[in-house]
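Values reported hereafter were calculated over all heavy atoms of this structure, with side chains retained and with hydrogens, waters and symmetry mates removed.
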Amino acid sequence: MQTVRAELPLDLDRAGAWRRLRDLSAPHRYVPRLTAAAFNGPQREGVGASRRVRMGRLLTLDETVTAWREAEGISLRLHRGAGGPLPPLRQHFFDYGLAERGGHVWLVNRMRYEVGLGVLGVLLDRLLLRRIMTRWLRDVTLAQKIHYETGEQVTPAVLAAWQTGPRGAGQH
């Protein structure tokens with residue numbers, strides 16, 4: 001299983017950060033290019049809660065909670081209904097987490113994935129997928145920080161301004 005990681009400090013206390021993190025209805029307010037999110041059933045929290053997210057007009061994925069660590073983090077399995085993740089991936093997980101260091105709360109996010117296709121998949125991961133996953137995770141984590149701290153919806157323009165503005169990669 002491959003893992004990429006992104007971390008950023010938050011200007012929130014742990015309780016406030018957890019309140020935002022546990023809200024599974026809000027990813028379309030901060031995940032870049034996500035246009036909608038809706039629950040698959042009545043469960044809203046805990047292991048087994050599931051949501052369907054849409055990116056643009058064509059891509060729809062399910063995200064199902066596989067781990068719920070109260071006030072610490074949530075792990076989601078990304079998949080297409082009863083099927084697996086988007087090819088060439090065999091497994092795909094997104095771990096949203098919180099940590100405290102030096103008196104500050106940090107977003108600590110990971111993307112874990114397994115690529116199929118044997119040797120071709122290993123090469124594809126080294127040349128392309130790992131870079132894409134790293135960039136994507138970095139953007140999601142920064143957008144998550146922006147949304148959590150401001151409460152605003154993060155548009156591509158807002159994200160770009162934080163990436164290139166005086167705050168530099170969203171740091172205060």
Side-chain angles (χ1 to χ4, degrees), residues 1-37 44-55 59 61-79 85-86 89-115 125 128-156 158-163 167-172:
M1 181 93 50
Q2 301 296 321
T3 302
V4 294
R5 184 179 176 120
E7 300 182 6
L8 285 173
L10 279 175
D11 288 336
L12 292 170
D13 64 14
R14 190 176 194 108
W18 176 244
R19 216 174 9 264
R20 287 164 180 80
L21 181 63
R22 74 183 305 146
D23 180 5
L24 297 178
S25 70
H28 60 289
R29 296 189 47 84
Y30 59 85
V31 174
R33 294 185 294 282
L34 206 68
T35 57
R44 301 290 186 257
E45 292 187 347
V47 172
S50 185
R51 65 188 180 197
R52 179 159 290 158
V53 297
R54 180 176 302 246
M55 298 185 87
L59 180 60
L61 285 175
D62 291 310
E63 299 178 334
T64 302
V65 177
T66 59
W68 185 277
R69 296 168 306 282
E70 194 70 24
E72 292 180 16
I74 300 166
S75 295
L76 301 170
R77 179 174 71 93
L78 284 61
H79 57 102
L86 293 172
L89 302 180
R90 278 198 235 161
Q91 295 184 69
H92 193 187
F93 296 90
F94 197 116
D95 303 319
Y96 289 101
L98 299 173
E100 286 189 53
R101 283 186 289 220
H104 296 284
V105 175
W106 287 72
L107 285 172
V108 180
N109 293 340
R110 293 184 316 166
M111 196 171 293
R112 297 177 290 127
Y113 62 97
E114 181 181 339
V115 182
D125 185 51
L128 184 65
L129 287 178
R130 186 169 189 81
R131 291 179 190 171
I132 291 170
M133 297 284 192
T134 300
R135 187 176 319 123
W136 176 251
L137 183 60
R138 187 178 59 235
D139 287 352
V140 169
T141 304
L142 175 56
Q144 185 182 10
K145 171 188 173 64
I146 297 165
H147 174 67
Y148 284 13
E149 292 179 356
T150 68
E152 300 297 319
Q153 175 135 359
V154 181
T155 64
V158 168
L159 184 59
W162 273 64
Q163 289 169 325
R167 298 175 205 220
Q171 295 180 16
H172 288 321

For this session: Fit a plane to each ring of His147 and Tyr30, take the angle between them on a 0 to 90° scale, and name the class: parallel (under 30°), tilted (30 to 60°) or perpendicular (over 60°).
Result: parallel

Problem set entry | From Val115, Leu89, Ile132, residue fulfilling side chain to side chain contact (heavy atoms under 4.5 Å, CB included) relative to Asp125 | Val115

Problem set entry | Interatomic distance, Arg29 atom CZ to Thr150 atom OG1 [nearest 0.5 angstrom] | 8.5 Å

Problem set entry | Criterion side chain to side chain contact (heavy atoms under 4.5 Å, CB included) on Val31 and Val53, from CA distance to verdict | CA-CA 10 Å; Val31 174; Val53 297; over 6 Å; no

Seminar exercise, completed: Looking only at heavy atoms, the pair that brings Ser25 and Ala37 closest together is O-CB, 4.4 Å

Problem set entry | Exercise: identify the closest heavy-atom pair between Pro9 and Lys145 | O-NZ, 2.5 Å

Seminar exercise, completed: Only one of Arg77, Arg51, Arg52 passes side-chain hydrogen bond (donor to acceptor under 3.5 Å, both in side chains) with Asp62, and that residue is Arg52

For this session: Working to the nearest 0.5 Å, report the span between CH2 of Trp136 and OG1 of Thr141.
Result: 10.5 Å

Problem set entry | Side-chain donor/acceptor of Arg112 to backbone N/O of Gln91, under 3.5 Å | no

For this session: Under the side chain to side chain contact (heavy atoms under 4.5 Å, CB included) rule, what do Leu142 and Asp139 come out as? Steps first, then yes or no, please.
Result: CA-CA 5 Å; Leu142 175 56; Asp139 287 352; 5.8 Å; no

Exercise. Is it true that atom CZ of Arg131 has more than 12 heavy atoms of other residues, nucleotides or ligands lying nearer than 6.0 Å?
Worked result: no

Exercise. Any sub-3.5 Å donor-acceptor pair from Thr35's side-chain atoms to Arg54's backbone N or O?
Worked result: yes

Exercise. Would you find a donor on one side and an acceptor on the other, under 3.5 Å apart, between the side chain of Arg14 and the backbone of Ala71?
Worked result: yes

For this session: Quick one: closest heavy-atom pair of Pro32 and Val140, and the distance?
Result: CD-CG2, 3.8 Å

Problem set entry | Separation between NE2 of His104 and CG of Leu12, rounded to the nearest 0.5 Å | 12.5 Å

For this session: State the CG-OH distance between Leu98 and Tyr148, to the nearest 0.5 angstrom.
Result: 7.0 Å

Problem set entry | Approximate separation, where rounding is to 0.5 Å, of Leu10 CG and Gln144 CD | 7.5 Å

For this session: Supply the atom-to-atom distance Ile74 CD1 to Glu45 CD, rounded to the nearest 0.5 angstrom.
Result: 7.5 Å

For this session: For Glu63 and Leu76, indicate whether the former's side chain and the latter's backbone hold a donor-acceptor pair under 3.5 Å.
Result: no

Problem set entry | Closest non-hydrogen atom pair between Val154 and Ala143, with its separation | CG2-O, 3.4 Å

Problem set entry | Whether Arg130 side chain and Thr3 backbone form a donor-acceptor pair below 3.5 Å | yes

